[in-house]
Amino acid sequence: MLLNDDFLLGTDMAKKLYHNHAKNMPIIDFHCHLNPQEIYEDLNFASITEVWLKGDHYKWRLMRANGVPENLITGDADDFDKFYAWAGTVEKALGNPLYVWTHLELKRFFNIDLVLSRETAREVYDRANALLATGAFSRRSLIRSSNVTAICTTDDPADDLHWHELLKTEKAFTVVPAFRPDKAMNIHAAGYADYLVTLGASAGVKIGAFADIVAALTARVDFFHSMGARLSDHALDIVVYAEATEAELDTVVATAIAGGTLSTLQNAQYRTAILQALMRMYTVKNWTMQLHLHALRNTNTRMLDILGPDTGYDGMNDRPVAESLAALFDSMELENNVPRTMLYSLNPNDYLPLATLMGSYQKDTVQKMQLGSAWWHNDTRSGMRLQLQTFADESLLSNFVGMLTDSRSFLSYPRHEYFRRILCELIGEWVELGEVPDDEAILGQMVEDICFNNANNYFGL
């Protein structure tokens with residue numbers, strides 16, 4: 001039977017670890033893209049098409065691969081027609097994690113055991129929509145029913161965090177911002193000069209030099225901290241380490257504000273210096289820094305012009321990463337200003353370089369440096385197993401802070417179940433091979449820690 005109670009759990013120990021230890025642990029979703037305004041307003045979804053297909057570029061990529069016209073993906077077609085097109089795509093998606101996620105969400109939220117296909121699409125659509133119209137399926141109700149205790153959204157430094165302030169009244173779970181300073185770092189991007197005006201206004205700082213940017217970011221880190229933030233997040237994509245003097249940085253900033261063109265070196269100098277300044281702030285605040293590396297974004301210019309970013313046209317980069325990242329961390333270690341850090345890469349070839357590099361900066365804190373969970377294109381059974389095995393090979397997997405959703409969907413929490421089953425599957429195999437003790441108490445504690453306890457202790461939310 002599809003998704004039976006023991007799916008993915010191929011050993012007796014895996015079954016014990018999942019059912020007795022992993023299954024009911026709470027969730028800390030420490031990196032996601034949920035909209036805090038949507039969480040606060042707590043509205044119901046108009047249909048399963050809205051909650052499943054609106055904004056979900058994972059699904060959009062598969063639909064395009066199945067020849068679905070763009071009007072049925074991101075266009076203004078009828079909701080059921082879009083859902084029917086997705087059902088037809090699911091028929092071809094066996095072996096893809098979205099096949100599992102789709103049926104997990106149907107089963108866990110809607111108690112629907114049907115295999116989704118064009119034949120069953122109408123019944124699934126009608127049954128799901130009937131439930132989505134009820135109070136038990138509002139946005140916050142979906143979070144509560146998923147056993148979530150904390151959510152970190154992704155927020156620009158200039159955000160006033162109005163919705164986070166209002167969400168403090170929510171008792172079942174905590175919503176806190178995570179500091180995402182990409183616009184302040186991306187000096188090469190269109191609109192950078194205008195963004196500095198916005199950032200300066202939010203911080204009460206008139207920006208004309210590099211030190212002013214640092215002052216503005218410092219003020220915003222202070223504000224975010226007062227609102228409960230304990231993590232930052234960077235879509236760093238690539239790392240190029242380059243040192244610069246204050247005078248050189250002032251010239252770079254002045255050139256960018258005036259609309260001039262920067263060299264590759266100047267861009268790298270600025271980004272390095274901003275990141276170093278932020279790492280100092282994070283260390284003072286005892287924050288965790290998350291670096292998401294090696295996404296190759298917006299690879300289809302024509303579709304970027306039509307649909308904008310984050311619409312399914314991103315891949316993984318294969319540029320060097322270790323040397324520049326080592327230079328960055330070494331420069332900050334000389335100041336004793338390396339914060340707790342999670343290193344994610346979209347390219348799994350980076351796992352070993354990152355895992356070995358992080359071992360050079362472990363100190364004082366339990367697993368201060370973490371190899372972040374399998375991310376985006378790696379969010380698969382094989383990808384998760386590779387990340388878990390690499391973490392275990394090169395560090396202490398028992399200290400891992402576990403899974404996140406990295407999602408814009410309120411139905412994405414069964415991904416934690418998927419991860420937990422894969423974790424228990426892997427540990428169960430180690431038992432069968434005689435690599436770890438056949439001891440449920442020891443292994444069960446390890447599983448509970450990875451599923452929840454480590455994140456609870458590590459992030460201090």
Side-chain angles (χ1 to χ4, degrees), residues 28-37 39 150-168 174-187 189 192 195-205 207 210 212-237 239 270-293 295 310 328-329 332 337-344 365 368-370 372 375 401 404-408 455 458-461:
I28 294 178
D29 196 15
F30 53 87
H31 174 66
C32 76
H33 297 277
L34 293 182
N35 185 326
Q37 180 177 350
I39 300 174
I151 294 171
C152 293
T153 57
T154 305
D155 305 278
D156 185 86
D159 197 298
D160 65 6
L161 304 184
H162 168 69
W163 301 106
H164 290 87
E165 180 66 37
L166 295 177
L167 278 165
K168 288 180 179 180
T174 300
V175 182
V176 296
F179 192 77
R180 178 84 168 223
D182 294 353
K183 290 182 180 178
M185 288 195 63
N186 293 340
I187 194 169
Y192 170 79
Y195 177 73
L196 289 188
V197 175
T198 301
L199 176 65
S202 71
V205 175
I207 295 177
F210 181 79
D212 301 328
I213 300 173
V214 174
L217 290 171
T218 301
R220 299 311 291 170
V221 165
D222 288 344
F223 173 62
F224 270 60
H225 191 82
S226 73
M227 293 293 291
R230 298 295 182 267
L231 295 89
S232 70
D233 179 66
H234 297 253
L236 201 55
D237 294 351
V239 183
Y270 173 84
R271 286 167 60 86
T272 298
I274 285 290
L275 194 53
Q276 289 172 322
L278 288 166
M279 290 171 76
R280 295 182 188 106
M281 299 175 209
Y282 302 156
T283 301
V284 169
K285 296 294 188 187
N286 199 25
W287 280 14
T288 298
M289 176 176 71
Q290 299 177 92
L291 300 182
H292 285 84
L293 307 166
D310 302 319
L328 173 68
F329 282 113
M332 300 312 294
N337 274 319
V338 175
R340 280 199 307 270
T341 301
M342 299 189 66
L343 299 173
Y344 307 79
T365 302
K368 178 179 181 179
M369 309 294 288
Q370 298 258 347
W375 166 49
V401 295
L404 45 79
T405 61
D406 186 33
S407 175
R408 293 168 175 80
Y458 187 82
F459 297 119
L461 296 175

Within a strict 4.5 Å, meaning less than it, do heavy atoms of the Val175 and His164 side chains meet?
yes
Can you see whether Tyr195 engages Asp156 through a side-chain donor-acceptor pair at a distance of less than 3.5 angstrom?
yes
Can you list the steps and then say if Val401 with Phe459 is a side chain to side chain contact (heavy atoms under 4.5 Å, CB included)?
CA-CA 9 Å; Val401 295; Phe459 297 119; 4.1 Å; yes
Ignoring hydrogens and geometry, is there a side-chain-to-backbone donor-acceptor pair from Lys368 to Val338 under 3.5 Å?
yes
For the pair Thr405 (side chain) and Cys32 (backbone), establish whether a donor and an acceptor sit closer than 3.5 Å, ignoring hydrogens and angles.
no
Check whether any side-chain N or O of Asp29 sits under 3.5 Å from a backbone N or O of Ile151 as a donor-acceptor pair, and report yes or no.
no
Exercise: do Arg340 and Asn286 side chains pair donor with acceptor under 3.5 Å
yes
Atom CZ in Phe223, atom CG in Asp160: separation rounded to 0.5 Å?
7.0 Å
Leu217 and Met281: side chain to side chain contact (heavy atoms under 4.5 Å, CB included), yes or no, with the steps?
CA-CA 9 Å; Leu217 290 171; Met281 299 175 209; 3.9 Å; yes
So, taking the atom named OG1 in Thr288 and the one named OH in Tyr458, what distance separates them when rounded to the nearest 0.5 Å?
4.5 Å
Closer than 3.5 angstrom, by distance alone: can the side chain of Ser226 be matched with the main-chain N or O of Phe224 as a donor-acceptor pair?
no
Test item: Met185 and Ile274 side chains (from C-beta on) under 4.5 Å apart, heavy atoms:
yes
Student check: side-chain heavy atoms of Ile213 and Tyr270 closer than 4.5 Å:
yes
For the backbone of Asp155 and the side chain of Asp159, can you confirm whether one donor and one acceptor N or O come within less than 3.5 Å of each other?
no
With Ala216, which residues qualify under side-chain contact (heavy atoms from CB on, under 4.5 Å), at least two apart?
Leu199, Ala203, Val205, Ile207
With distance as the sole test, does Trp287 use its side chain to make a donor-acceptor pair with the main-chain N or O of Ala229 at under 3.5 Å?
yes
Non-hydrogen atoms of Leu404 and Tyr344 that approach each other most closely
CD2-OH, 3.3 Å
Would you give the length of the straight line joining atom OG1 of Thr154 to atom CG of Leu34, rounded to the nearest 0.5 angstrom?
9.0 Å
For Lys183 and Tyr192, which heavy atoms make the closest approach, and how far apart are they?
O-CD1, 3.7 Å
Close side-chain approach of Leu278 to His234, heavy-atom, < 4.5 Å
yes
Decide side chain to side chain contact (heavy atoms under 4.5 Å, CB included) for Arg408 and Asp310; before the verdict, give the C-alpha distance in whole Å, the side-chain angles of both, and the deciding distance to 0.1 Å.
CA-CA 11 Å; Arg408 293 168 175 80; Asp310 302 319; 3.7 Å; yes
Do His292 and Trp375 touch side chain to side chain, with heavy atoms closer than 4.5 Å?
yes
Non-hydrogen side-chain atoms of Phe30 and Gln290 separated by less than 4.5 Å:
yes
Taking C-beta and beyond as the side chain, do Leu293 and Asp237 meet within less than 4.5 Å on heavy atoms?
no
Taking all atoms of both residues into account, what is the closest heavy-atom pair of Met279 and Pro339, and its distance?
CE-CD, 3.8 Å
CE of Met342 to CG of Leu291, rounded to nearest 0.5 Å, is 10.5 Å
Would a 4.5 Å heavy-atom cut-off, applied to side chains only, mark Thr174 and Leu461 as touching?
no
With sequence neighbours left out, what residues match His33 under ring pair (Phe, Tyr, Trp, His ring centres under 6.0 Å)?
His31
Answer yes or no: is there a donor N or O on one side and an acceptor on the other, between the side chain of Arg271 and the main chain of Ile187, under 3.5 Å?
no
Which heavy-atom pair separates Tyr282 from Pro181 by the least distance, and what is that distance?
OH-CG, 3.9 Å
To the closest 0.5 Å, what do you measure between OG1 (Thr283) and CE (Met289)?
8.0 Å
Can you measure from CD (Gln276) to CZ (Phe329) and round to the nearest 0.5 angstrom?
11.5 Å
For residues 217-235, which residue pairs qualify under salt bridge (Lys or Arg N to Asp or Glu O under 4.0 Å), counting only residues two or more places apart or in two chains?
Arg180-Asp233, Asp222-Lys285
